[in-house]
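Note that these values count all heavy atoms, side chains included, but never hydrogens, waters or copies made by symmetry. Note that the structure is predicted; figures quoted are calculated from it, not measured.
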Amino acid sequence: MEETLFSVKDKVIIVTGGLGQLGAQYVQTLHQRGARVAALATHLDEARIDRVLGGIKDSPRLFCAEIDITDRASINRVLDAIEAKWGVPDGLVNNAGVDTQPSAPPEVSGPFEDFPEEVFREVVEVNLVGTFLMTQQVGKRMRQTGKGGSIINVGSIYGVVSPVQDIYNYKKEDSGIPFVKPVAYSAAKSGLYNFTRYCATYWGRDGIRVNTLTLSGVERSDQDPRFQKNYTSRIPIGRMAKPHEYNGAVVFLLSDASVYMTGSNLVVDGGWTAW
């Protein structure tokens, strides 16, 4: 039992944003554990695949495809290709998303009162509408075949609590222009939590489990050291996450180890929301 409890072997699993910093981690970990993994991204090129998926790019258990997760037709074209290759997916990781980084220009990181409507719409379109469409179309196929499955909606601490604006004060000290962590990402990510609960109760009797995985910030080599210092001062563990440190939670939620878990929020944030 222990050998199969956390198994994803032979499962067909989709990861959106599959070439990103965390998405590539999920793809590699799931592949390493025997899953057949579809890594989906907005743009594909061989150099990028080589760079982030390296040793597994020629594996018969890896499928890479371009997708627009905000377009139902694009989604179904890719799902048709996955189904023809491997069958209906067993799992979906809604990892794709967009956020505003501290390096963003003032026009998209200024005061709330001046935040552009078109940027708000774009962020909500990708983070919330895109997750809705992917979940809807994958869940529909799972239900039609009666096989069940597991869907993970990747959330954020900034969808649970408000951003701590003081972290970014160093930006004003440098340039005289304040950086305000924008509203759009928080608003979009917060919507995932009740979306998850809705889907979990709607599909509960169909064996389709839907959970949210809430993450905090991930360390990158190109981050400003002052940002890292300010950010980590808010984390009880005292550091940002390493890119691989969410892999275990993803495997857990996709495997039978979480078979009685749906509509839940698994928080892996170094203790950020414990304050």
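- Using a distance-only test at 3.5 Å, with no hydrogens or angles considered, no donor-acceptor pair links the side chain of Y246 to the main chain of L213.
- Between R197 and N194 there is a side-chain heavy-atom pair separated by less than 4.5 Å.
- W272 and Y231 have tilted rings, their planes meeting at an angle from 30° to 60° on a 0 to 90° scale.
- Side chains of D256 and T4 form no contact here, defined as non-hydrogen atoms less than 4.5 Å apart.
- Without hydrogens or angle criteria, R209 side chain to M261 main chain gives a donor-acceptor distance under 3.5 Å.
- Nearest heavy atoms, V210 versus C199: CG2-CB, 3.8 Å.
- A side-chain donor-acceptor contact under 3.5 Å links T214 and N265.
- For the pair S186 and P163, the minimum side-chain heavy-atom distance is below 4.5 Å.
- Here R72 contributes atom CZ and L133 contributes atom CG; the two are 5.5 Å apart, rounded to the nearest 0.5 Å.
- How far SG of C64 is from CG of L40: 8.5 Å, rounded to the nearest 0.5 Å.
- When every heavy atom of A65 is checked against every heavy atom of V78, the shortest pair comes out as CB-CG1, 4.2 Å.
- Side chain of T16 to backbone of A96: a donor-acceptor contact under 3.5 angstrom is found.
- A distance of 10.0 Å separates OG1 in T100 from OH in Y185, rounded to the nearest 0.5 Å.
- Applying the side chain to side chain donor-acceptor pair (under 3.5 Å) criterion to D90, with sequence neighbours excluded, gives K147.
- The cluster map of Ile, Leu, Val, Met, Phe, Trp and Tyr, joined by side-chain heavy atoms under 4.5 Å apart, puts F132 and I208 in the same cluster.
- When the side chains of ILVMFWY residues are joined at heavy-atom separations under 4.5 Å, either directly or via intervening members, I167 and L215 end up in two distinct hydrophobic clusters.
- In this structure, D114 contributes its side chain and P111 its backbone to no donor-acceptor pair below 3.5 Å.
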Begin with the C-alpha distance, continue with both residues' side-chain angles, and end with the deciding distance and a verdict on side-chain contact (heavy atoms from CB on, under 4.5 Å) for V161 and W275. CA-CA 11 Å; V161 294; W275 291 114; over 6 Å; no
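- Separating the CG atom in L266 from the CG atom in N211 is a distance of 8.0 Å, to the nearest 0.5 Å.
- Heavy-atom minimum distance, G91 versus L254: CA-CD2, 4.0 Å.
- Residues V183 and V129 share a single hydrophobic cluster, defined by chaining ILVMFWY side chains whose heavy atoms lie under 4.5 Å apart.
- Rounded to the nearest 0.5 Å, atoms CG (L253) and OG (S258) are 5.0 Å apart.
- A 4.5 Å side-chain heavy-atom check between D99 and Q101 finds at least one atom pair inside the cut-off.
- The distance from atom CD of Q32 to atom CD1 of I56, rounded to the nearest 0.5 Å, is 9.5 Å.
- Here the closest heavy-atom approach between residue A38 and residue I82 is recorded as CB-CD1, 3.6 Å.
- Minimum interatomic distance between Q165 and K181 (heavy atoms only, all atoms of both residues): OE1-N, 2.8 Å.
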For F63 and W86: C-alpha separation, side-chain torsions, deciding distance, then whether side-chain contact (heavy atoms from CB on, under 4.5 Å) applies. CA-CA 10 Å; F63 174 72; W86 291 327; 3.5 Å; yes
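- A donor-acceptor pair under 3.5 Å links the side-chain atoms of Q228 to the main chain of R220, judged by distance alone.
- The aromatic rings of F115 and F120 sit perpendicular, their planes meeting at an angle over 60°, well past the 30° parallel limit.
- Residues V88 and V12 fail the side-chain proximity criterion, which asks for heavy atoms closer than 4.5 Å.
- Cluster membership for L22 and I151, using ILVMFWY side-chain heavy atoms within less than 4.5 angstrom, is not shared.
- Between the side chain of D68 and the main chain of T70, a donor-acceptor pair closer than 3.5 Å is present.
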Working note: I67 + M134, criterion side-chain contact (heavy atoms from CB on, under 4.5 Å); need CA distance, chi angles, decisive distance, verdict. CA-CA 10 Å; I67 192 170; M134 284 298 304; 3.9 Å; yes
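- Proximity of a side-chain donor or acceptor of Q28 to a complementary backbone N or O of V52 within less than 3.5 Å is detected.
- In this structure, E245 contributes its side chain and M240 its backbone to no donor-acceptor pair below 3.5 Å.
- D269 and R234 are not joined by a salt bridge, as no carboxylate oxygen comes within less than 4.0 angstrom of a charged side-chain nitrogen.
- Between Y202 and Y198, the angle of the ring planes stays under 30°, which puts this pair in the parallel group of the 30/60° scheme.
- Judged purely by distance below 3.5 Å, without hydrogens or angles, the side chains of T131 and N94 never pair a donor atom with an acceptor atom.
- For K172, the NZ atom counts as loosely surrounded, since its 6.0 Å shell holds 12 or fewer non-hydrogen atoms of other residues, nucleotides or ligands.
- Using modelled atom types, one finds a donor on one side chain and an acceptor on the other under 3.5 Å when comparing N76 with R141.
- Side chain of T232 to main chain of K229: a donor-acceptor pair is present (N/O by atom type, distance under 3.5 Å, no hydrogens or angles).
- Checked by atom type, the side-chain pair R226/Y168 shows no donor-acceptor distance below 3.5 Å.
- In terms of heavy-atom proximity, Q21 sits nearest to P243 at NE2-CG, 3.8 Å.
- A salt bridge does not link R239 to E219: none of the charged nitrogens lies less than 4.0 Å from a carboxylate oxygen.
- Using a 4.5 Å heavy-atom cutoff, the side chains of D71 and I75 are not in contact.
- Contact annotation: the side chain of V250 never approaches that of Q25 to less than 4.5 Å [non-hydrogen atoms, C-beta and beyond].
- Proximity of a side-chain donor or acceptor of R36 to a complementary backbone N or O of R61 within less than 3.5 Å is not detected.
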Report the C-alpha separation of T29 and H31 in whole Å, then their side-chain angles, then the decisive distance to 0.1 Å, and conclude whether the side-chain contact (heavy atoms from CB on, under 4.5 Å) test is met. CA-CA 5 Å; T29 295; H31 181 273; over 6 Å; no
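- Residues F227 and N230 are not in side-chain contact: their nearest non-hydrogen atoms beyond the backbone lie 4.5 Å or more apart.
- In this pair, F252 and F6 present their aromatic rings tilted. The plane angle is within the 30 to 60° band.
- Y158 is connected to I237 through a chain of hydrophobic side-chain contacts under 4.5 Å among Ile, Leu, Val, Met, Phe, Trp and Tyr, so both are in one cluster.
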